[in-house]
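Before any comments, here is the structure.
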Amino acid sequence: MTAEFRRWRIGGVTVTRIVELGPMFLPPQGLFPAASADLVRAATWLSPCFADGEGQINLAFQCFLVEAGGRKILVDTCIGDNKQLDIPDFSNRVSGFLETLARAGAGPDAVDTVLCTHLHFDHVGWNTRLQDGAWVPTFPNARYLFDREEVTYTMALPRQPGDESIPQSVQPILDAGLADLVEPTYRLCEQVRLIPTPGHTIGHVSVMVEDAGERALISGDAFHHPLQLAHPGLASTFCHDPALGEATRRRVFADLAGSPALLIGTHFCEPTAGRVVKDGEAWRLAPVWAERLEPAAVQ
C-alpha cells in the first residue's frame with residue numbers, strides 16, 4: 001500500500017488517487033491475448049512508466065476521490081478485504097485500505113457518493129465490508145450509483161473468474177436500499193457527469209470532470225493500459241464486446257487528442273494520467289505528474 005497520494009486539480013475540483021494494490025507486472029498476453037512483448041517494446045514511449053525493458057506491462061488497482069462542490073465522490077472501490085475469490089493474488093486480502101482512505105480524507109462516514117463504473121470484482125470490492133460475519137455497506141451515508149443496464153445484466157450472469165464476490169459486494173447495497181440505478185449520461189453534480197463507454201461490459205461508464213474550462217476523464221476499464229492507445233483493437237480477456245470496446249476507445253481518444261484534457265487511467269500505474277497525443281494512425285499518452293501529498297498533509 002502506498003504511503004502517499006497523488007492529486008490532480010481540474011478547476012476547483014480535486015481528484016485524489018488512492019492505491020490499493022500495485023504496481024503488478026505481467027506479460028502483456030496475460031491481459032491482452034493478442035499482445036506480445038515485442039508489441040510493447042515497439043511502443044517505446046511506454047517505458048519506463050508503463051512497461052519494463054522486457055516488454056512486461058504494469059497495472060495498479062486504485063480508486064479516485066473526487067471532491068467537487070462540497071461532495072466526496074468515490075469512483076470505483078477496488079478489490080476489498082476478506083473476499084473469497086478464485087484468483088489467489090486477490091483472495092482473502094487484509095490490506096488496511098480503509099485506514100489509507102481515511103488519511104486521504106474519505107473515511108467511511110464522510111463519503112456521500114460511491115460510483116462504480118461497472119460491476120467487476122476489482123471495482124466494487126469495498127462497497128461492503130465484513131462485520132460480525134455479515135457483509136454490510138462500507139459507506140453508510142453514501143448513495144451508490146450503478147448503471148441501470150449494468151446491474152440488470154450483470155446480476156443475472158454466470159460469474160467470470162474473480163467475480164465470485166459480486167453477490168457480497170453488490171447485493172447488500174441493493175438490499176439496504178442504498179443503490180440508485182442511473183442512466184449512462186447521468187450528471188452527479190455541476191462538475192461531474194457520466195459518459196457511456198460500453199464494450200468492456202454492457203453498461204460500462206466513465207467519469208467526466210469539468211470545471212473552469214478544464215476537463216479530466218476517469219476511465220474505468222474502457223482502457224486497462226496505455227498500450228491500448230497505440231493499439232486500440234486490443235481487448236482484454238474480460239471484455240464483453242471487443243468490437244464495441246474498440247469503437248469506444250477510438251471515439252474517446254479522438255475526442256481527447258490534442259486537447260489539454262487529462263486521461264486518468266483506473267488501472268494505469270504512476271503517473272496514472274496524461275494527455276492524449278495523436279501518433280500516426282493511433283495515439284500515445286504524454287504523462288502528467290500529479291501533485292504529491294504525504295499523509296500528514298492530507299486533511
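Excluded from the calculations below are hydrogen atoms, water molecules and symmetry mates; all remaining heavy atoms, backbone and side chain alike, are included.
Side-chain heavy atoms closer than 4.5 Å link hydrophobic residues (I, L, V, M, F, W, Y) into clusters, and following such links, even through other members, never connects Leu217 to Ile264. Put simply, Leu26 and Leu234 are part of the same group of oily side chains (I, L, V, M, F, W, Y) that touch within less than 4.5 Å, one to the next. Placement of Ile73 and Leu65 in two distinct hydrophobic clusters is found when ILVMFWY residues are connected by side-chain heavy-atom separations under 4.5 Å, directly or transitively. Under the 4.5 Å side-chain heavy-atom criterion for Ile, Leu, Val, Met, Phe, Trp and Tyr, Leu115 and Phe61 are members of distinct hydrophobic clusters. No chain of hydrophobic side-chain contacts below 4.5 Å, direct or via other Ile, Leu, Val, Met, Phe, Trp or Tyr residues, connects Val40 to Phe25.
Taking 4.5 Å as the limit, every side-chain heavy atom of Leu262 sits out of range of all side-chain heavy atoms of Arg215. Proximity of Pro196 to Thr185: side-chain heavy atoms (C-beta onward) are separated by under 4.5 Å at one or more points. Taking the side chain as every heavy atom from C-beta outward, Asp122 and Phe238 never approach each other to under 4.5 Å. The closest side-chain heavy-atom distance from Tyr186 to Asp180 is not below 4.5 Å. Inter-residue side-chain proximity for Asp211 and Val209 is flagged as unmet; no heavy-atom pair is nearer than 4.5 Å. Glu149 places none of its side-chain heavy atoms less than 4.5 Å from the side chain of Pro198.
In this structure, CG on Leu130 lies 9.0 Å from NZ on Lys83, to the nearest 0.5 angstrom. With values rounded to the nearest 0.5 angstrom, Gln171 atom CD is found 11.0 Å from Ile166 atom CD1. Separating the CZ atom in Phe90 from the CD1 atom in Ile79 is a distance of 5.0 Å, to the nearest 0.5 Å. Between atom CZ of residue Arg6 and atom CZ of residue Phe64 there is a gap of 13.0 Å, rounded to the nearest 0.5 Å. Once rounded to the nearest 0.5 Å, the distance linking NE2 of His204 with OG1 of Thr248 reads 9.5 Å. Interatomic distance, CZ of Arg251 versus CG of Leu244, reported as 8.5 Å (0.5 Å rounding).
Judged purely by distance below 3.5 Å, without hydrogens or angles, the side chains of His120 and His200 pair a donor atom with an acceptor atom. Donor-acceptor pairing under 3.5 Å is recorded for the side chains of Thr16 and Arg7. Counting only N and O atoms by type, the side chains of His118 and Asp147 include no donor and acceptor under 3.5 Å apart. Using modelled atom types, one finds a donor on one side chain and an acceptor on the other under 3.5 Å when comparing Thr113 with Arg71. Between Ser95 and Asp81, the side chains place a donor N or O and an acceptor N or O closer than 3.5 Å (distance only, hydrogens not considered). In this structure, a donor-acceptor pair under 3.5 Å is absent between the side chains of His231 and His225.
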Practice task
Check step by step if side chain to side chain contact (heavy atoms under 4.5 Å, CB included) holds for Ser236 and Asp221.
Solution key: CA-CA 9 Å; Ser236 83; Asp221 280 1; over 6 Å; no
Handout entry: side chain to side chain contact (heavy atoms under 4.5 Å, CB included) between Leu101 and Cys63, intermediate numbers included
Key = CA-CA 9 Å; Leu101 199 60; Cys63 67; 4.2 Å; yes
Exercise for the section: Begin with the C-alpha distance, continue with both residues' side-chain angles, and end with the deciding distance and a verdict on side chain to side chain contact (heavy atoms under 4.5 Å, CB included) for Arg103 and Phe5. Expected result: CA-CA 9 Å; Arg103 291 198 304 273; Phe5 306 94; 4.1 Å; yes
Exercise for the section: Take Asn141 and Asp112 through the side chain to side chain contact (heavy atoms under 4.5 Å, CB included) test and state the conclusion after the steps. Expected result: CA-CA 6 Å; Asn141 299 322; Asp112 58 69; over 6 Å; no
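One N or O on the side chain of Glu164 and one on the backbone of Asp86 form a donor-acceptor pair closer than 3.5 Å. One N or O on the side chain of Asp76 and one on the backbone of Thr117 form a donor-acceptor pair closer than 3.5 Å. A distance-only check finds a donor-acceptor pair linking the side chain of Gln62 to the backbone of Thr266 [under 3.5 Å]. The closest donor-acceptor contact from the side chain of Asn58 to the backbone of Cys49 lies under 3.5 Å. The main-chain N or O of Leu39 is found under 3.5 Å from a side-chain atom of Ser36 such that the two form a donor-acceptor pair. Judged purely by atom type and a 3.5 angstrom limit, Tyr144 uses its side chain to pair as donor or acceptor with the backbone of Phe139. Panel note: side chain Ser169, backbone Asn127; no donor-acceptor pair is recorded below 3.5 Å. Listed for the Arg187 side chain is a donor-acceptor partner under 3.5 Å among the backbone atoms of Glu190. For Lys72 (side chain) and Gly107 (main-chain N/O), no donor-acceptor pair under 3.5 Å exists by modelled atom type.
Residues Val111 and Val114 approach most closely at CG1-CG2, 4.0 Å, considering heavy atoms. Here the closest non-hydrogen pair linking Ile218 and Val66 is CD1-CG2, 3.9 Å. Between Pro287 and Phe50 the shortest heavy-atom distance is CG-CE1, 4.3 Å. For the pair His267 and His224, the tightest heavy-atom approach, listed with the atom from each and the gap, is CB-O, 3.4 Å. For Glu20 against Arg93, the heavy-atom pair with the smallest separation is O-NH2, 3.4 Å. Summarising the geometry of Leu256 relative to Leu263, their closest heavy-atom pair is CD1-CB, 4.1 Å, with the distance given to 0.1 Å.
Using cut-offs of 30° and 60° for the angle between ring planes, the Phe97 and Trp126 rings count as parallel.
Salt bridge status for Arg193 with Glu210: present, with a side-chain N to carboxylate O gap under 4.0 Å.
The side-chain contact (heavy atoms from CB on, under 4.5 Å) with Leu119 is formed by just one residue from the set Thr154, Ile202, Thr201; it is Thr154.
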Quick one: side chains of residues 273-285, donor-acceptor pairs under 3.5 Å with protein atoms, not counting sequence neighbours, listed by atom name and distance.
unit_1, atom_1, unit_2, atom_2, d
Arg275, NE, Pro260, O, 2.8
Lys278, NZ, Gly280, O, 3.0
Lys278, NZ, Ala282, O, 3.4

